[in-house]
Asker: 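Have a look at this one before I ask anything.
Since the model is a prediction, treat every value here as computed from it, not as a measurement. Each chain gets a letter, A, B and so on, in the order its sequence line appears, and its residues count up from 1. Computed over heavy atoms, backbone and side chain alike; hydrogens, waters and symmetry mates excluded.
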Protein chains: 2
Amino acid sequence: MKESAFLRHIAYDSVIFGFSGERLKILIMKYHNTGLFALPGGFMQRDESLNDAVRRGLKERTGLENIYLEQFYTFGDVARYKPEIMQTILEANEHNSESYQWLLDRFISVAYYALINYNDVVPMPDALSDSCDWYSMDELPNLMLDHAEIVAKALQTLRENLEKKLVGMNLLPPLFTLTELQRVYEAILDEKLHRGTFQRKILGLGLLQRQEKYFSGKAHKAPYLYSFEDYKMSLWQC
Amino acid sequence: MKESAFLRHIAYDSVIFGFSGERLKILIMKYHNTGLFALPGGFMQRDESLNDAVRRGLKERTGLENIYLEQFYTFGDVARYKPEIMQTILEANEHNSESYQWLLDRFISVAYYALINYNDVVPMPDALSDSCDWYSMDELPNLMLDHAEIVAKALQTLRENLEKKLVGMNLLPPLFTLTELQRVYEAILDEKLHRGTFQRKILGLGLLQRQEKYFSGKAHKAPYLYSFEDYKMSLWQC
DNA sequence: TTATTATTGTCTCAAAATACGACAATAATA
DNA sequence: TATTATTGTCGTATTTTGAGACAATAATAA
């Protein structure tokens, strides 16, 4: 069998979170002529670190670099080996040549989640897919293989890390109000939070810098904008 | 190149924690005639789930089944690709035939940690190693490749999960006193805990069942023994 | 100009969780 | 029978958290 430029048996999948319209969303790809939906993923080059491969794929799909990215689990069940699905995808793309046969072999998948600013992204399909779009977490299509399980575990891990590392601001633009940040937390945790308590907790961390006020044009007091200093976050994460 | 029975490029390593003499310890292997120390690890068979492969290896090394086991990270840097080290090990074992050449290729490693009852184990070396022994966490030998990093991350993850899932009892025999359990927590967290607070917290979880008293022969009040019901733990973990 | 509306920043008080020490109980020994 | 060491448990002080209250204020309506 011909050797490909990629390491065999190893794939990665990424759950790319965004926030828009008060809702948590993720990027989902749809493959050509198959009706199959999947997480954005890819493979490692032989001379490339795993994390670099994932960042490379993330850049291709979103155009973004320097993204908040976290590995959370590696899926390796035999049950996820379904060569007929990949065969369907290849056939639909008329990529049935020998040089793609390695894709039909068994893979384990290292799963990552990313937090990005929704407004920064123009999702880009890859060669095999005809769309890469945002879907609300509660309106996901049926995902192929074990990708629904991967999404569930991503959300679970994000929730745990949210209280531990307080990373919600990575889903927002550089300047945001505390109410916006609270909406992010509520969307992730799927519960209402108390305003006073939330603000005390977040500001108590000393990670946010108060900036000028934000005048929305609405008939009420203008909130302050805040920015988030990455270098403090990196200190805090340790 | 000949195909082996194992998936190429994929390995696993396990950080097997035990508790003895008030100290947290892990199992380390020493390879024949090389002075190289490493974590116990192995490879996946082509028709085997990742978790099953790790449990298989764990059984071979410790004789134990039904172990508390948790995957915590997958290491995939290019920097960990050092074929000359594996070459050294193979040469020292006179295993230089072609059927071992696949071991010289690049690997990513899925890392797990396990919590076991020290007294239940008779550590078993594998074919390439002449010992598999307990080492205190603060007296580890120099480990090959990135295994020191793997151990560090295992301990970090264990500490985080300790407060979240309270799994310390997996390091003890079926019957134990609260003071013994407290020593386990102190060894893992590397800090003293307050006795009253610790007991209130642990017992408040309702996971432990009080059993008969334990008469040590010492000149003081006899403590109660406790047992830990696995099925409650599984409920609690969710 | 002035009142109204909606939302914000901040504070206070209550409730819950946690930290810390105290004290009686008790198993073995002197 | 007193002593020693450790245990089970409790009470109080401290800290953290939850929930509401209130004045401040930007735009709008009167």
Asker: Between atom CD in A/E163 and atom P in D/dT17, what is the gap in whole Å?
Answerer: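 So the CD-P distance, A/E163 to D/dT17, works out to 11 Å.
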
Asker: Apply side chain to side chain contact (heavy atoms under 4.5 Å, CB included) to B/H32 and list each qualifying residue two or more places apart in sequence or on a separate chain.
Answerer: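 B/H32 satisfies side chain to side chain contact (heavy atoms under 4.5 Å, CB included) with B/N93, B/D130 once adjacent residues are dropped.
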
Asker: Check whether more than 12 heavy atoms from other residues, nucleotides or ligands sit under 6.0 Å from atom CG of B/N66, and answer yes or no.
Answerer: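 No - once you tally the heavy atoms of other residues, nucleotides and ligands closer than 6.0 Å, there are 12 at most.
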
Asker: Can you tell me if B/S14 uses its side chain to pair, donor with acceptor, with the backbone of B/P40 under 3.5 Å?
Answerer: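 Pair found, side chain donor or acceptor close to backbone of B/P40.
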
Asker: Considering only residues two or more places apart or on different chains, which pairs with a residue in residues 175-192 of chain B satisfy salt bridge (charged side-chain N to carboxylate O under 4.0 Å, His left out)?
Answerer: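 Counting only pairs at least two positions apart or across chains, the salt bridge (charged side-chain N to carboxylate O under 4.0 Å, His left out) contacts touching residues 175-192 of chain B are B/E22-B/R183, B/R183-B/E186, B/E186-B/K192.
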
Asker: Using side chain to side chain contact (heavy atoms under 4.5 Å, CB included) as the criterion, list what pairs up with A/R210, not counting sequence neighbours.
Answerer: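 So A/R210 forms a side chain to side chain contact (heavy atoms under 4.5 Å, CB included) with A/Y224, A/Y226.
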
Asker: Mind jotting down which residue pairs meet the salt bridge (charged side-chain N to carboxylate O under 4.0 Å, His left out) criterion with at least one end in residues 140-157 of chain B? Sequence neighbours excluded, please.
Answerer: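 Residue pairs passing salt bridge (charged side-chain N to carboxylate O under 4.0 Å, His left out), neighbours aside: B/R80-B/D146.
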
Asker: Rounding to 10 degrees, work out the angle separating the end axes of the helix from C/dT1-D/dA30 to C/dA30-D/dT1 (five pairs an end).
Answerer: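 The angle separating the two end axes equals 20°.
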
Asker: Return the set of residues passing side chain to side chain contact (heavy atoms under 4.5 Å, CB included) with A/K218 (not counting sequence neighbours), or none when no residue passes.
Answerer: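 Partners of A/K218 by the side chain to side chain contact (heavy atoms under 4.5 Å, CB included) criterion, ordered by chain and then number, come out as A/S216, A/H220.
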
Asker: So how far is it from B/Y31 OH to B/L36 CG, rounded to the nearest 0.5 Å?
Answerer: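 One gets 8.5 Å once the value is rounded to the nearest 0.5 Å.
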
Asker: Scan residues 218-226 of chain B against DNA chain C and write down, sorted by residue number, each residue with any heavy atom closer than 4.0 Å; if none is found, say none.
Answerer: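 When residues 218-226 of chain B is checked for heavy atoms under 4.0 Å from DNA chain C, the hits, listed by number, are B/K218, B/A219, B/H220, B/K221, B/A222.
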
Asker: Mind checking what makes salt bridge (charged side-chain N to carboxylate O under 4.0 Å, His left out) contact with B/E65, not counting sequence neighbours?
Answerer: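 Salt bridge (charged side-chain N to carboxylate O under 4.0 Å, His left out) check on B/E65 returns B/K59.
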
Asker: Hey, does A/T177 reach any base, or is it just sugar-phosphate, or nothing, if we go heavy atoms under 4.0 Å?
Answerer: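 It contacts nothing in the nucleic acid.
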
Asker: Mind checking if B/S216 touches a base, just sugar-phosphate, or nothing, with heavy atoms under 4.0 Å?
Answerer: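 The answer is nothing, as B/S216 stays clear of every strand by at least 4.0 Å.
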
Asker: Just checking B/M124: does its CE atom have more than 12 heavy atoms from other residues, nucleotides or ligands closer to it than 6.0 angstrom?
Answerer: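 Atom CE in B/M124 is not crowded, with 12 or fewer foreign heavy atoms closer than 6.0 Å.
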
Asker: Chain B on DNA chain C: first and last contacting nucleotide, 5' to 3', under 4.0 Å to a heavy atom?
Answerer: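 That gives a stretch of C/dT18 to C/dA28.
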
Asker: Just jot down the salt bridge (charged side-chain N to carboxylate O under 4.0 Å, His left out) partners of A/E212, sequence neighbours excluded, or say none.
Answerer: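 Scan of A/E212 (salt bridge (charged side-chain N to carboxylate O under 4.0 Å, His left out), adjacent residues dropped) gives none.
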
Asker: So what does A/K201 touch, heavy atoms closer than 4.0 Å: a base, only the sugar-phosphate, or nothing?
Answerer: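 It contacts nothing in the nucleic acid.
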
Asker: Partners of B/D138 by side chain to side chain contact (heavy atoms under 4.5 Å, CB included), sequence neighbours excluded?
Answerer: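 So B/D138 forms a side chain to side chain contact (heavy atoms under 4.5 Å, CB included) with B/R23, B/S136.
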
Asker: Could you check how far CZ of A/R200 sits from P of D/dT17, rounded to whole Å?
Answerer: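 That distance rounds to 8 Å.
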
Asker: Give the residues of residues 182-197 of chain A touching DNA chain C, defined as any heavy atom closer than 4.0 Å, sorted by residue number.
Answerer: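 Hits under 4.0 Å, by residue number: A/R195.
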
Asker: Taking atom CG of B/N119 as the centre, report whether more than 12 heavy atoms of other residues, nucleotides or ligands fall under 6.0 Å from it.
Answerer: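 Yes, enclosed.
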
